[in-house]
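Have a look at the structure below, then the notes.
Naming: A, B, ... by sequence-line order, numbering from 1 per chain.
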Amino acid sequence: MPASTILREDGAYHSFCGLTCVGWLYQKIKDSFFLILGTHTCAHLLQNTLGVMIFARPRFAVALIEEADLSKRQPELRTLIDEILADHHPSVIFLLSSCTPEVMKVEFEGLANSLSTPELPVLFVPASGLDYTFSQAEDSVLQALIPFCPVAPPEDKRVVFLGSVNDAIAADFALEAARLDIPVAGFLPSNRFTELPPVGPGTVLAPVQPYLAKVAQRLQRERGATVLNTLFPFGPDGTRAFWEALAAAFDQSIDLREREAKAWERIADHCQLLRGKTVFFTADNLMELPLARFLRAAGCEIIECSTTYINKRFHGRELEALAGVQVVEQPNFDRQLQDIRRLKPDLVISTLATTNPLVGQGVVAKWSTEFAFMPIHGWAGVATLANMFTKSLRRHAQLDPLDDPVWSAGLMPGAIPLHRPAMMANH
Amino acid sequence: MRLAYWMYEGTAHHGVGRIANSLQNVHAVFHAPQGDDYVNPIFTMLERTPAFPQMTTSVVSGRDLAMGTVRLPDTLRQIEARLHPQLMIVCASCSTILLQEDLQIMANSANLEAEVIVFDANPYRMQEIISSEELFTLLAKRYAQPQPLTAQPSVNIIGPASLGFHVRPDLICLRRMMQTLGVTINVIAPLGASLDDLRRLPAAWVTIAPYRELGLKAANYLEQTFGTPTLYDAPIGVQPTLRWLRNLVEQLNEVGARAGAPPLRLPPLTAFSLDGISAPSGVPWFARTADMESFSSKRAFVFGDATHTVGMVKFLRDELAMPIAGAGTYLAHHADWVRSQLAGYLPGDLLVTDRFQAVAAQVQELMPDLVCGTQMERHSCRKFDLPCMVIAPPTHIENHLLSYNPMLGFDGADFIADKVYTTATLGLEKHLVDMFGDAGLTYQENGAAAAPSVDEAAPVVSSIATETTLPTATEITWSPGAETLLGKIPFFVRGRVRKKTEKFAAMNGHSIITEDVLQAAKEALGG
């Protein structure tokens, strides 16, 4: 069945670059260190987007390119690596590229190789904002880990869940697999670099995050693994499809219709509120396709589902489920703004940069960023997922209408004030 | 090349964004990769802007570079069609500046009605503060026009800008004081100013430029070119505010005398209070109350930008009578000024560094009773269990509050004194509890009770020793017995005793501090 037509525009710019994936990955892979070869800009980005995490002990830093370094052919990172080793004792260092060294044509692969030792591998991760956006760089990190996943023999027929999730979600998935008699080899990424799962021709890769197309493809090509082609495990519909497909990959036929119905029943209140609501996704972290698909199944009308990148194979089932919906890759934000004004959606899922200004225009808008950090996977995540959408709708409905511009008077420094103060009007 | 975990200043293009977002009908355009748009949410999140900030990233992607695609002219045309700004300020980013493209030619090819300035904000030579100061000076020079003075006594207020530290409440306070004096405000810039307002800058009798970081050079230019006298001081604290008001009246009267205007007179000071009948500030009396006696033994460490570091050190010592343990700034280009302002105030040298680890090490060394710093010092102080208040950028969302919290003027003195009082550990009550037991309350060791502003969980006991990003870290642990003994020492010296004992243990080769080691240290170090 042909999927919905995908419109491609000229670029989503209100999102983060690939470096932001450090925010969750350094916490996920507990014996890692993330070293970004970059500038003051990269450091400023990280402290502003990951500001909250500075309270922990960060295992990430920027090897700062300053003016004197611009003329050097290859950056000298040995002493910095030693400093990191002494301070943090990591099992692995991920060396992330950024825009400036990309423009300088730093040869990253060679640089990482020259710094690597058998005791402490230094792995190159392409993540620069010239080519990678937000969650997409997790794909790069996982690709860098491929050579360190042991090769599983062909008779080792087990599942590897693909994508970083927190320990609670991982435990849920392992438990559910055990219940269905599906043998589990592990998670990629694992909590420790030293505990990566084996992958081989018998491995079934079950992607739990929608931004990992390339690593899935490579493991299929290089190790002969099978990539599960199904919906991502978000919402009752996605979770059922996911587990049924996974069971089928292990030659089991299961019917989770009842389980799905029960899950819908648990969020009936939410669905009642969602039914008939028009929703618009402006594109941010590549989770848009499965989220829109869930909302559609919950009764919403998706006016537009924009996302930063689409892989027609990896996202194939999601695109099928969205047939008839306007799907846009790399949307133009100006065009989206005009459409939002014209179509007046009930809910807009938008980026960190655009949410407050959209709310200021009278739109009910919700941060897309939050979905990347919430336990919304699988059966256990269903209620959390539904609540994230309805919370915004309920909260705005509960508040008094913001029907007088006086309540935002003076908040925009460059906007002309409603009434200039008398003392200034004299002149 | 060095490892960077945290920056005190933002980037050059962030400085450009702050100026553009302050002015009316001005738009910044960053010729940059998509990732550089991260500055946008800093505005929409911290200032919680109900509209889009006046800046756009004209995306440069890897594919564009490979294909030779240039999107800048298109972006400029799109912005013009949508927003009709009078002026667009274009700058490159840390990566695109290396391409050495001629942005002026690119911008010209867009054939715009708006003026376009290509601002050379070289991110390897300037950061946020210099970039915003240079850009604002350039705009003041470009637009200010010779013209007659206003008929009534008037001032310009120069320096408040988008994302500035407490600038909105500062402006409220300055407006109130001008109203009380009967002085009109000619122009406030850049915050809220139009290009026409910049043209009218020379009409003011006097310019007020309270911030060392922004507006200084523009005020200088107005002074030299149009003869507008400038008040450069920041009225932080009660006595500085009084002196500042007297200077202002004097300068206005000098200008007025030349025009034959009747002289202004400083009204009774009660006129400056909120109700018009009370003292303009509660600080002078508050500082003399018995309650504040315990503050005379509290040592403060101050670190921040130039304006607030100087203002806070003077306020704490001169108006609250607190001893100063040390001070520093991350603005190397203002260090000489800070040093000269604080001559005689500091027990040692001024700390000048943009490495937060160096500041943390200094704090750990001094173990002051109060730290006034940036968001980063607030974080460091959590590890050291020291009370900290934020007095300078960089800030956290928690520093962007709704209520009236100025740093300047009489109102500012009240706000700062309250903040000091509620941040530092209180006097008698806690003394009693600590000296004679817990009075039925369970105080967390190292806990939040010692610092009301701290809301995160208390750090573990050995965190000081294992915090390896800090240069002076050593691997020393405390035995449970020694820990209990330490708990019996009054809280207000406990931190210092801990630190000194660890030093003593390190010097004498003890890796574990037992009760005996603690006792020996107390004896050796005189308790």
Side-chain angles (χ1 to χ4, degrees), chain A residues 11-17 19 39-41 43-45 47-49 51 54-55 57-58 61-67 69-70 75-77 80 83-84 87-88 99-100 102-104 128-131 133 334 352-357 359-360 408 411-417 423-424 426-427, chain B residues 1-7 10-11 14 21-26 33-38 40-42 44-45 47-52 54 57 59-62 65 78 82 93-96 98-99 123-125 127 150 152 162 179 184-186 191-192 200 203 379 382 396 456 467-469:
Chain A
Y13 53 82
H14 279 312
S15 187
F16 293 125
C17 69
L19 297 182
T39 63
H40 190 125
T41 312
H44 194 228
L45 155 88
Q47 81 189 46
N48 276 287
T49 52
I54 197 81
F55 292 112
R57 188 155 161 260
V62 177
L64 204 63
I65 299 174
E66 293 173 302
E67 192 169 18
D69 303 307
L70 293 174
E76 179 42 64
L77 295 178
L80 299 190
E83 196 180 322
I84 292 165
D87 285 351
H88 299 271
C99 304
T100 296
E102 291 273 316
V103 170
M104 290 168 71
S128 111
L130 285 165
D131 299 300
T133 172
D334 284 339
L352 212 56
T354 55
T355 299
N356 278 343
V359 173
S408 53
L411 286 178
M412 283 308 289
I416 299 155
M423 61 198 311
M424 290 178 71
N426 295 340
H427 302 287
Chain B
M1 192 164 283
R2 62 172 162 125
L3 275 187
Y5 291 90
W6 172 272
M7 313 309 270
T11 50
H14 182 51
N21 196 46
S22 298
L23 295 162
Q24 287 182 30
N25 281 321
V26 174
Q34 170 233 313
D36 289 56
D37 192 66
Y38 77 90
N40 215 307
I42 304 177
T44 63
M45 300 290 293
E47 284 189 335
R48 300 187 182 90
T49 58
F52 292 96
Q54 297 172 168
T57 303
V59 176
V60 177
S61 72
L65 292 182
Q78 274 185 21
R82 183 163 53 95
S93 71
C94 60
S95 52
T96 57
L98 302 180
L99 301 169
Y124 298 98
R125 302 211 173 134
Q127 299 181 12
T150 57
Q152 299 296 316
S162 182
Q179 212 154 17
T184 57
I185 292 171
N186 181 53
L191 197 76
R200 294 190 302 106
H379 165 58
R382 285 183 179 183
H396 184 255
E456 254 83 345
E467 180 47 50
T468 44
T469 56

Name the region of A/Thr41, side chain, backbone, both or neither, that has any atom closer than 4.5 Å to a heavy atom of chain B.
both

How far does CG of A/Asn356 sit from OG1 of B/Thr49, to the nearest 0.5 angstrom?
6.0 Å

Within a strict 4.5 Å, meaning less than it, do heavy atoms of the A/Gln47 and B/Met7 side chains meet?
yes

Closest heavy-atom pair and its distance - B/Met1, A/Pro75
CE-CB, 3.7 Å

From the list B/Ala4, B/Gly35, B/Ser61, the residue making the most non-hydrogen contacts under 4.5 Å with chain A is B/Ala4

I need the A/Ile84 CD1 to B/Leu3 CG distance, nearest 0.5 Å.
5.0 Å

What pair of heavy atoms forms the shortest contact from A/Pro413 to B/Glu47, and how long is it?
CG-OE1, 4.1 Å

In terms of heavy-atom pairs under 4.5 Å, which option from A/Thr133, A/Leu19, A/Leu77 contacts chain B the most?
A/Thr133

Which bit of B/Arg82 is near chain A, if near means a heavy-atom gap under 4.5 Å: side chain, backbone, both or neither?
side chain

Considering only heavy atoms, which portion of A/Val62 lies under 4.5 Å from any heavy atom of chain B: side chain, backbone, both, or neither?
both

Chain B contact via A/Thr355 - which portion, at a heavy-atom distance below 4.5 Å
neither

Given the options B/Ser162, B/Gly10, B/Ser93, which has more heavy-atom pairs under 4.5 Å with chain A than any of the others?
B/Gly10

Residue from A/Ala61, A/Cys99, A/Pro357 scoring the most non-hydrogen pairs under 4.5 Å with chain B is A/Pro357

Is any side-chain heavy atom of B/Arg48 closer than 4.5 Å to one of A/Leu411?
no

Main chain of A/Phe16, side chain of B/Gln34: is a donor-acceptor contact present, judged purely on distance under 3.5 Å?
yes

Heavy atoms of A/Thr100 and B/Tyr124 approach each other most closely as CG2-OH, 3.1 Å

If we define contacts as heavy-atom pairs under 4.5 Å, which of A/Asp69, A/Leu45, A/Asp131 has the most with chain B?
A/Leu45

Can you confirm whether B/Arg125 is buried at CZ, in the sense that more than 12 heavy atoms of other residues, nucleotides or ligands lie under 6.0 Å from that atom?
no

Atom pair CG (A/Asn48) and NE2 (B/His396), whose distance is rounded to the nearest 0.5 Å:
10.0 Å

Answer key: most heavy-atom pairs under 4.5 Å with chain A among B/Val59, B/Asn21, B/Thr57, B/Leu191 is B/Asn21

Under 4.5 Å, counting heavy-atom pairs only, tell me which of B/Pro41, B/Ser95, B/Pro50 racks up the most with chain A.
B/Pro50

Between atom CG of B/Asp37 and atom SG of A/Cys17, what is the distance when rounded to the nearest 0.5 Å?
10.5 Å

Between CD on residue A/Glu66 and SG on residue B/Cys94, distance to nearest 0.5 Å:
12.5 Å

With a 4.5 Å limit on heavy-atom distance, are the side chains of A/Glu102 and B/Pro33 in contact?
no

Under 4.5 Å from a heavy atom of chain B, the part of A/Ser128 involved:
neither

To check you understand the geometry: which heavy-atom pair defines the closest contact between A/Leu352 and B/Thr44, and what is its length?
O-OG1, 3.4 Å

Please classify the contact of B/Ile42 with chain A as side chain, backbone, both or neither, using a heavy-atom distance under 4.5 Å.
side chain

Angle between ring planes, B/Tyr38 versus A/His44, binned at 30° and 60°: parallel, tilted or perpendicular?
perpendicular

